[in-house]
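The structure presented is a predicted model; accordingly, all values stated were derived computationally and were not measured.
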Amino acid sequence: MADQIHRVTMFKIPDKENQAKLISAYAKVNQADQKDGKPCIKSLVVGSAKEDPRSQGYTVVCKTEFACMDDMKFYDNECPAHGEFKNTARTLGVEGVLTVYFTPGLIA
């Protein structure tokens with residue numbers, strides 16, 4: 001588990017209806033993502049951010065886990081389901097995206 005890639009992606013989408021559409025688009029990704037006939041995403045959690053000044057305007061947060069860096073790279077660059085997701089996201093008034101990923105330094 002320590003070698004898994006944990007990824008957090010945050011979106012700034014002011015319109016609540018479009019936030020819900022983005023979350024629904026993630027559900028489609030979760031059902032359709034495939035690499036060599038198996039899902040490349042090990043875990044996916046997504047939701048609307050709670051209103052708080054610390055959120056800096058980010059309104060939707062997604063945390064994904066991948067078994068390895070190759071799986072995440074495949075997801076980013078080759079996965080048709082993620083490609084369709086990105087096309088959908090472009091239509092939802094996204095004003096900013098931030099993605100970070102890491103391997104755990106501590107699992108408690």
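- Proximity of a side-chain donor or acceptor of His6 to a complementary backbone N or O of Thr103 within less than 3.5 Å is not detected.
- Atom CZ in Phe74 sits 11.0 Å away from atom CZ in Phe66 (nearest 0.5 Å).
- The minimum heavy-atom distance linking Cys68 with Ile5 is given by the pair C-CG1, 3.6 Å.
- For residues 81-91, there are no salt bridge (Lys or Arg N to Asp or Glu O under 4.0 Å) pairs, not counting sequence neighbours.
- Interatomic distance, SG of Cys62 versus CG of Asn30, reported as 9.0 Å (0.5 Å rounding).
- Nearest heavy-atom pair across Ala89 and Val94 is O-CG2, 3.3 Å.
- Side-chain contact check for Ser43 versus Thr64: every heavy-atom pair is 4.5 Å or farther apart.
- For residues 5-27, every residue pair satisfying the salt bridge (Lys or Arg N to Asp or Glu O under 4.0 Å) rule, not counting sequence neighbours, is listed here: Arg7-Asp76, Lys16-Glu51, Glu17-Lys21.
- Thr88 OG1 to Lys28 NZ: the interatomic distance, rounded to the nearest 0.5 Å, is 6.5 Å.
- Side chains of Tyr26 and Leu44 form a contact here, defined as non-hydrogen atoms less than 4.5 Å apart.
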Exercise for review: Under the salt bridge (Lys or Arg N to Asp or Glu O under 4.0 Å) rule, what do Asp52 and Lys50 come out as? Steps first, then yes or no, please.
Suggested key: CA-CA 6 Å; Asp52 185 288; Lys50 299 295 183 192; over 6 Å; no
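- Atoms CD1 and CG, on Ile41 and Asp33 in that order, are 4.0 Å from each other to the nearest 0.5 Å.
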Check your understanding: Would Thr9 and Val97 satisfy side chain to side chain contact (heavy atoms under 4.5 Å, CB included), going step by step from the backbone distance to the final call?
Key -> CA-CA 7 Å; Thr9 302; Val97 178; 3.9 Å; yes
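- For the pairing with Met10, the side chain to side chain contact (heavy atoms under 4.5 Å, CB included) check across Val61, Val60, Thr59 returns one residue only, Val61.
- Nearest heavy atoms, Gly93 versus Asn18: N-ND2, 4.5 Å.
- You'll find the ring centres of Tyr58 and Phe11 outside the 6.0 Å limit.
- Distance check, rounded to the nearest 0.5 Å: CG of Asp71 to CD of Gln4 gives 10.0 Å.
- Without hydrogens or angle criteria, Gln34 side chain to Cys40 main chain gives no donor-acceptor distance under 3.5 Å.
- Distance check: Lys42 NZ to Met72 CE gives 15.5 Å after rounding to the nearest 0.5 Å.
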